[in-house]
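Keep in mind that this is a model prediction, so the values were computed, not measured.
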Amino acid sequence: MNRQHRTEQERDFIRMIRENERIIYKVCSLYTSDDFPMEDLYQETVLNLWKAFPRFRNESSYSTYVYRVALNTCISGMRRDSRRGGQKAPLALAEELAFEPDSLEEDLREMYSLIHRLKKLERSLILLWLEERPYQEIAEITGLSLCNVATKLKRIKEKLVKMSNQ
């Protein structure tokens with residue numbers, strides 16, 4: 001690879017990270033725990049994005065690509081740790097949502113608290129839905145069928161309603 005091509009690639013990568021930084025923070029915040037601090041998840045996600053960037057073929061948008069890598073990074077890290085017998089102890093919600101303003105309304109805090117109690121895949125799906133991603137894009141990111149995405153999201157929403165009424 002010549003120097004000019006590498007410089008262009010680095011510039012494109014930095015632009016992609018800047019444009020999608022909020023996505024990375026949001027995904028990482030839902031998987032943050034004492035074992036997986038936000039900073040570590042964020043750095044590992046960016047590292048994985050960098051490693052995979054040369055193979056990015058523009059078959060999807062940058063945001064779809066960033067979501068997929070961020071979700072895979074966070075979920076893979078949790079799987080590795082659970083095989084080693086690691087414990088998951090969630091941090092306080094305020095720490096987990098460091099990317100959000102301190103003035104979050106109580107309803108929003110409660111919603112994120114409930115979301116954090118969901119299973120890993122459920123968190124991923126509801127996060128993408130809250131970001132107003134089309135079902136087709138959610139299917140591409142998660143590897144689920146379009147029908148499966150719709151069914152799971154309906155069940156997740158129902159589950160969140162039940163959890164909020166308890």
Side-chain angles (χ1 to χ4, degrees), residues 17 19-49 52 60-166:
I17 294 297
E19 290 173 0
N20 294 283
E21 187 172 42
R22 185 167 169 83
I23 291 170
I24 299 168
Y25 276 116
K26 223 169 227 197
V27 171
C28 291
S29 73
L30 289 175
Y31 294 92
T32 297
S33 70
D34 288 340
D35 294 329
F36 299 102
M38 172 67 88
E39 299 80 17
D40 292 354
L41 286 174
Y42 184 88
Q43 287 179 1
E44 189 172 343
T45 298
V46 172
L47 176 63
N48 287 340
L49 284 164
S60 64
S61 68
Y62 276 147
S63 62
T64 299
Y65 168 72
V66 168
Y67 265 116
R68 176 174 279 165
V69 172
L71 288 169
N72 287 337
T73 299
C74 292
I75 292 170
S76 296
M78 292 178 79
R79 281 188 192 135
R80 275 193 314 271
D81 191 63
S82 67
R83 280 184 284 218
R84 291 186 306 224
Q87 298 291 319
K88 308 295 177 297
L91 297 173
L93 183 61
E95 292 173 20
E96 293 169 14
L97 300 175
F99 60 88
E100 295 287 352
D102 290 337
S103 61
L104 283 177
E105 296 176 17
E106 190 60 34
D107 289 345
L108 190 56
R109 288 183 189 273
E110 181 182 347
M111 180 186 71
Y112 275 102
S113 176
L114 294 173
I115 290 171
H116 192 73
R117 292 171 31 203
L118 294 171
K119 295 175 183 173
K120 292 178 275 193
L121 178 61
E122 292 171 334
R123 277 187 257 168
S124 302
L125 290 168
I126 201 69
L127 171 69
L128 293 165
W129 180 79
L130 287 170
E131 286 288 324
E132 299 179 356
R133 299 292 172 182
Y135 279 31
Q136 183 61 45
E137 185 177 355
I138 295 172
E140 290 173 23
I141 291 169
T142 60
L144 299 172
S145 70
L146 191 60
C147 184
N148 204 350
V149 167
T151 302
K152 286 187 180 295
L153 279 170
K154 181 179 186 300
R155 290 178 183 159
I156 293 166
K157 291 175 203 174
E158 290 170 352
K159 185 176 184 176
L160 286 169
V161 168
K162 285 180 185 175
M163 290 167 62
S164 70
N165 292 329
Q166 293 178 345

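Separation of atoms OG (Ser124) and CD1 (Ile156) is listed at 9.0 Å; rounding is to 0.5 Å.
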As a quick check of understanding, evaluate side chain to side chain contact (heavy atoms under 4.5 Å, CB included) for Tyr31 and Thr73, giving each step before the final call. CA-CA 10 Å; Tyr31 294 92; Thr73 299; over 6 Å; no
**Prompt:** Between Leu127 and Ile115, does a side chain to side chain contact (heavy atoms under 4.5 Å, CB included) hold up when you go through it step by step?
**Reply:** CA-CA 8 Å; Leu127 171 69; Ile115 290 171; over 6 Å; no
Checklist entry - Please walk me through it: do Tyr65 and Leu49 pass side chain to side chain contact (heavy atoms under 4.5 Å, CB included)? => result CA-CA 9 Å; Tyr65 168 72; Leu49 284 164; 3.6 Å; yes
### Task
Walk me through it: do Arg133 and Ile23 pass the test side chain to side chain contact (heavy atoms under 4.5 Å, CB included)?
CA-CA 12 Å; Arg133 299 292 172 182; Ile23 291 170; 3.4 Å; yes
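Heavy-atom neighbours of Arg117 CZ from other residues, nucleotides or ligands within 6.0 Å: above the threshold of 12. Remark: Glu158 CD is packed, more than 12 non-hydrogen atoms of other residues, nucleotides or ligands lying under 6.0 Å away.
The side-chain contact (heavy atoms from CB on, under 4.5 Å) with Val66 is formed by just one residue from the set Val27, Thr45, Ile141, Ile24; it is Ile24.
For the residue pair Thr32 / Tyr25, no side-chain donor-acceptor distance below 3.5 Å is found, with atom types taken as modelled. A side-chain donor from one of Thr64 and Glu137 sits under 3.5 Å from a side-chain acceptor of the other.
Considering every non-hydrogen atom in both Leu114 and Met163, the closest pair reads O-CE, 3.4 Å. Between Trp129 and Leu153 the shortest heavy-atom distance is CB-CD2, 3.8 Å.
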